[in-house]
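What follows is a structure written as structure tokens; I'll ask about it next.
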Amino acid sequence: MKVEERAIGVFDSGVGGLSVLAHIHALLPDERLIYVADSAFMPYGCKSDELVEERCMSIAAFFVEQSCKAIVVACNTATAVAVDRIRQKYDVPVIGMEPAVKPAVSHSLAGVVGVLATSATVASDKFKQLGLRHGADARLIVQACPGLVEQIEQGDLDGDQTRMLLHSYLDPLIEKGVDTLVLGCTHYPFVSHMIREIVGEDITVIDTGDAIARELRRQLLMSELLLLANDEKQDKPASIVFWSSGDVDKAEPLMSRLWGKATVPKQLLF
Ligand code: DGL
């Protein structure tokens, strides 16, 4: 199969990874993309490692069956639990994500960095190691945010309940003097307008989507899998195919709203 016919597979527990997909599509507009929202098993953040790993391996197998040339784990929780196993099993570039602690620590003038993430990410060994590696130069204040992913999955991006939840997680961080805040879950950029409203203009908010898109580009280039200017391209825009393991009729309006264009997700049958 020609390189231009092979897609990049991107997945998350639900709609959160669409925030990463948007960065990938903006940077690599000619690349074909397949997005899987594992909505039937969302949220990953409060599931057992075994279940999350099993889901990730099934989705990775699906991407490989579809001849994907790279896999992006657009989920901090899934990366913490399963990225090593996916890399061991499949011989395609596998790009994972982790909370942007390193750039946040170098950016922080006050030396106080807040990290918002799911409970599973916070509890993972990978995250603990990240803290040990980069946390020595700043005070890291880690805040698990149970319930926030569910609010976003319900489409509550600006309601009172989401605002109250955000206040309960952000107010203590503001009181402790954080000047840099890491969004350690791919769902959270969808409420970044509310986060900004609560924390004000003086706190820098860091999202990792753009860095992941650039890392994907770098790895595709290194592996000679990147579409180059002289490669054969389709006349029409590159396709993006959406899948969901949940109820696709329910998924459609939210995915369309977050993607900013009508999307009709296909039904994932596993
Ligand atoms: N969006 C995912 C992340 O980045 C996790 C959401 C979930 O708990 O399912 O961690």
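For ligands, and for the atoms within them, numbers begin at 1 and follow the listed sequence. The basis for the numbers below is simple: all heavy atoms, side chains too, and nothing from hydrogens, waters or symmetry mates. Note that the coordinates shown come from a computational prediction; the quantities given were computed from them, not determined experimentally.
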(message) Would you say the ring centers of Trp259 and Tyr35 fall short of 6.0 Å from each other?
(response) no
(request) Could you work out the complete set of other residues in the hydrophobic cluster of Trp243, with links drawn between I, L, V, M, F, W and Y side chains under 4.5 Å apart? (result) Phe11, Ile34, Val36, Phe41, Tyr44, Leu51, Val52, Met57, Ile59, Phe62, Phe63, Val64, Ile71, Val73, Val81, Val83, Ile86, Tyr90, Val92, Val94, Val241, Leu268, Phe270
(message) Looking at Thr208 and Ala211, would you say the former's side chain and the latter's main chain have a donor-acceptor pair under 3.5 Å?
(response)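 Such a contact is absent between Thr208 side chain and Ala211 backbone.
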(message) Once you restrict to heavy atoms under 4.0 Å, what part of Thr186 touches ligand 1? Side chain, backbone, both or neither.
(response) both
(request) Indicate yes or no for a side-chain donor-acceptor contact from Arg32 to the backbone of Glu5 under 3.5 Å, with no hydrogens or angles considered. (result) yes
(request) Tell me, please: is Gly16 in heavy-atom contact with ligand 1, that is, under 4.0 Å? (result)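 No, that is not the case, since the closest heavy atom of the residue is not under 4.0 Å from the ligand.
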(message) Any side-chain to backbone donor/acceptor pair from Asp179 onto Ala110? Under 3.5 Å, distance only.
(response) yes
(request) Look at atom 10 (O) of ligand 1 and say which protein heavy atom is nearest, naming residue and atom and giving the distance to 0.1 Å. (result) Thr77 OG1, 2.6 Å
(message) Looking at ligand 1, would His187 count as a contact under a 4.0 Å heavy-atom criterion?
(response) yes
(message) Does only the side chain of Asn76 get under 4.0 Å from ligand 1, or the backbone, or both, or neither? Count heavy atoms.
(response) both
(message) Any heavy-atom pair between the side chains of Thr162 and Asp158 that's under 4.5 Å?
(response) no
(request) Quick one: look up the protein heavy atom nearest atom 8 (O) of ligand 1 and list residue, atom name and how far away it is. (result) Gly45 N, 2.7 Å
(message) For atom 6 (C) of ligand 1, what's the nearest protein heavy-atom neighbour? Residue, atom name and distance, please.
(response) Ser13 OG, 3.4 Å
(message) List ligand 1 atoms under 4.0 Å from Asp12, heavy atoms only on the residue side.
(response)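 Matching atoms, with element in brackets: 1 (N), 2 (C).
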